[in-house]
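Each ligand, and each atom within it, is numbered from 1 in the order the structure gives.
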Amino acid sequence: MAHKGKDMAETDTQKPEPANPDDLPEILKLQKLAFLSEAEALGDHSIQPLTQTLDELRAEFEKGPILVLRERGGPAILGSVRARQEGGLVYVAKLVVHPSHQNRGLGQTLLAAVEGLFGPQAKYVLHTNAKNPKNLHLYDKMGYREFKREKMTDRLNFVFLEKRLD
Ligand SMILES: CC(C)(COP(=O)(O)OP(=O)(O)OC[C@H]1O[C@@H](n2cnc3c(N)ncnc32)[C@H](O)[C@@H]1OP(=O)(O)O)[C@@H](O)C(=O)NCCC(=O)NCCS
């Protein structure tokens with residue numbers, strides 16, 4: 001049976017596509033909106049996704065692809081993800097979906113699309129808040145497995161997850 005959320009994702013949005021330099025301000029705005037819930041859960045608005053500057057995002061854009069999901073029939077960006085390859089490792093980061101479009105499969109669509117950009121030999125690595133049950137569910141469902149944990153602050157532990165496509 002088809003996944004209800006995935007069906008909705010297909011009707012709501014275009015296919016994930018590479019971002020243009022002109023998209024970066026909107027991506028940064030969406031990132032700050034999406035990570036607000038995380039900042040509030042942590043009681044910390046100084047987390048990096050909220051404080052990142054446009055110049056820093058431009059520098060990241062030089063280092064690896066950024067994908068965007070646009071609304072169907074319009075230019076608005078509903079989701080984004082970025083990646084950077086170093087040797088055989090692909091670091092996936094800043095998977096974000098607009099809060100009013102979450103839980104419809106868009107996050108999984110973006111993650112699957114970024115995995116399609118690199119060869120099957122690559123190992124995919126990402127990290128998330130060890131106390132975020134939604135992110136842990138999503139990444140587990142997409143095949144990511146924990147390989148280490150790191151304490152970042154008194155309230156924040158990162159769990160590092162990896163996935164091999166082969
Ligand atoms: C993480 C994020 C991109 C996911 O986007 P999304 O479009 O909502 O994700 P999807 O709809 O593809 O998948 C969400 C899954 O989590 C599940 N879920 C939702 N709330 C949950 C919760 N509280 N606990 C466990 N699972 C939950 C959904 O049911 C769905 O799983 P399913 O397909 O098995 O039903 C989005 O929540 C976001 O932008 N979060 C803020 C930024 C962030 O934390 N990014 C990740 C950085 S590591």
Taking only heavy atoms of [X], which atoms of ligand 1 are found under 4.0 Å from at least one of them?
X	answer
P133	24 (N), 25 (C)
L106	7 (O), 12 (O)
R104	11 (O)
H127	48 (S)
T128	48 (S)
G105	10 (P), 11 (O), 12 (O)
H137	15 (C), 16 (O), 17 (C), 25 (C), 26 (N), 31 (O), 32 (P), 34 (O)

Work out which heavy atom in [X] is nearest to a heavy atom in [Y]; give both atom names and the distance.
X	Y	value
S80	I66	OG-CG2, 3.5 Å
P16	L69	N-CD2, 3.6 Å
I27	I77	CG1-CD1, 4.1 Å
H45	T51	O-CG2, 4.1 Å

Backbone or side chain, does any N or O of [X] fall under 3.5 Å from an N or O of ligand 1?
X	answer
L138	no
E38	no
Q108	yes
V96	no
H101	no
A34	no

- Is E17 salt-bridged to K15, cutoff N-O under 4.0 Å?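 Result for this pair is no, no salt bridge flagged.
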- So does R104 pair up with D12, basic N to acidic O under 4.0 Å?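 Result for this pair is yes, salt bridge flagged.
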Table please: side-chain donor-acceptor pairs of residues 89-99 below 3.5 Å, with sequence neighbours left out.
{"from": "K94", "atom 1": "NZ", "to": "Q48", "atom 2": "OE1", "distance (Å)": "2.9"}
{"from": "H98", "atom 1": "ND1", "to": "S100", "atom 2": "N", "distance (Å)": "3.0"}
{"from": "H98", "atom 1": "ND1", "to": "S100", "atom 2": "OG", "distance (Å)": "2.8"}

Contacts table for residues 29-38: side-chain donor-acceptor under 3.5 angstrom, sequence neighbours left out:
{"from": "Q31", "atom 1": "OE1", "to": "R82", "atom 2": "NH1", "distance (Å)": "3.4"}
{"from": "Q31", "atom 1": "OE1", "to": "R82", "atom 2": "NH2", "distance (Å)": "2.8"}
{"from": "Q31", "atom 1": "NE2", "to": "P49", "atom 2": "O", "distance (Å)": "2.8"}
{"from": "Q31", "atom 1": "NE2", "to": "Q52", "atom 2": "OE1", "distance (Å)": "3.0"}
{"from": "K32", "atom 1": "NZ", "to": "L50", "atom 2": "O", "distance (Å)": "3.3"}
{"from": "K32", "atom 1": "NZ", "to": "Q52", "atom 2": "O", "distance (Å)": "2.9"}
{"from": "S37", "atom 1": "OG", "to": "A34", "atom 2": "O", "distance (Å)": "3.4"}
{"from": "E38", "atom 1": "OE1", "to": "N132", "atom 2": "ND2", "distance (Å)": "2.9"}
{"from": "E38", "atom 1": "OE2", "to": "N129", "atom 2": "ND2", "distance (Å)": "2.9"}

- For D44 and S46, test the side chains for any donor-to-acceptor distance below 3.5 angstrom and give the result as yes or no.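 Result is yes, a qualifying pair exists.
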- Message: Residue-level breakdown please: for F158 versus ligand 1, do any non-hydrogen atoms fall below 4.0 Å on the side chain, on the backbone, on both, or on neither?
- Response: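 Contact part for F158 vs ligand 1: neither.
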- Query: Where on L126 is there a heavy atom closer than 4.0 Å to ligand 1, on the side chain, on the backbone, on both, or on neither?
  - Reply: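 Near ligand 1, L126 shows nothing, with every heavy atom at 4.0 Å or more.
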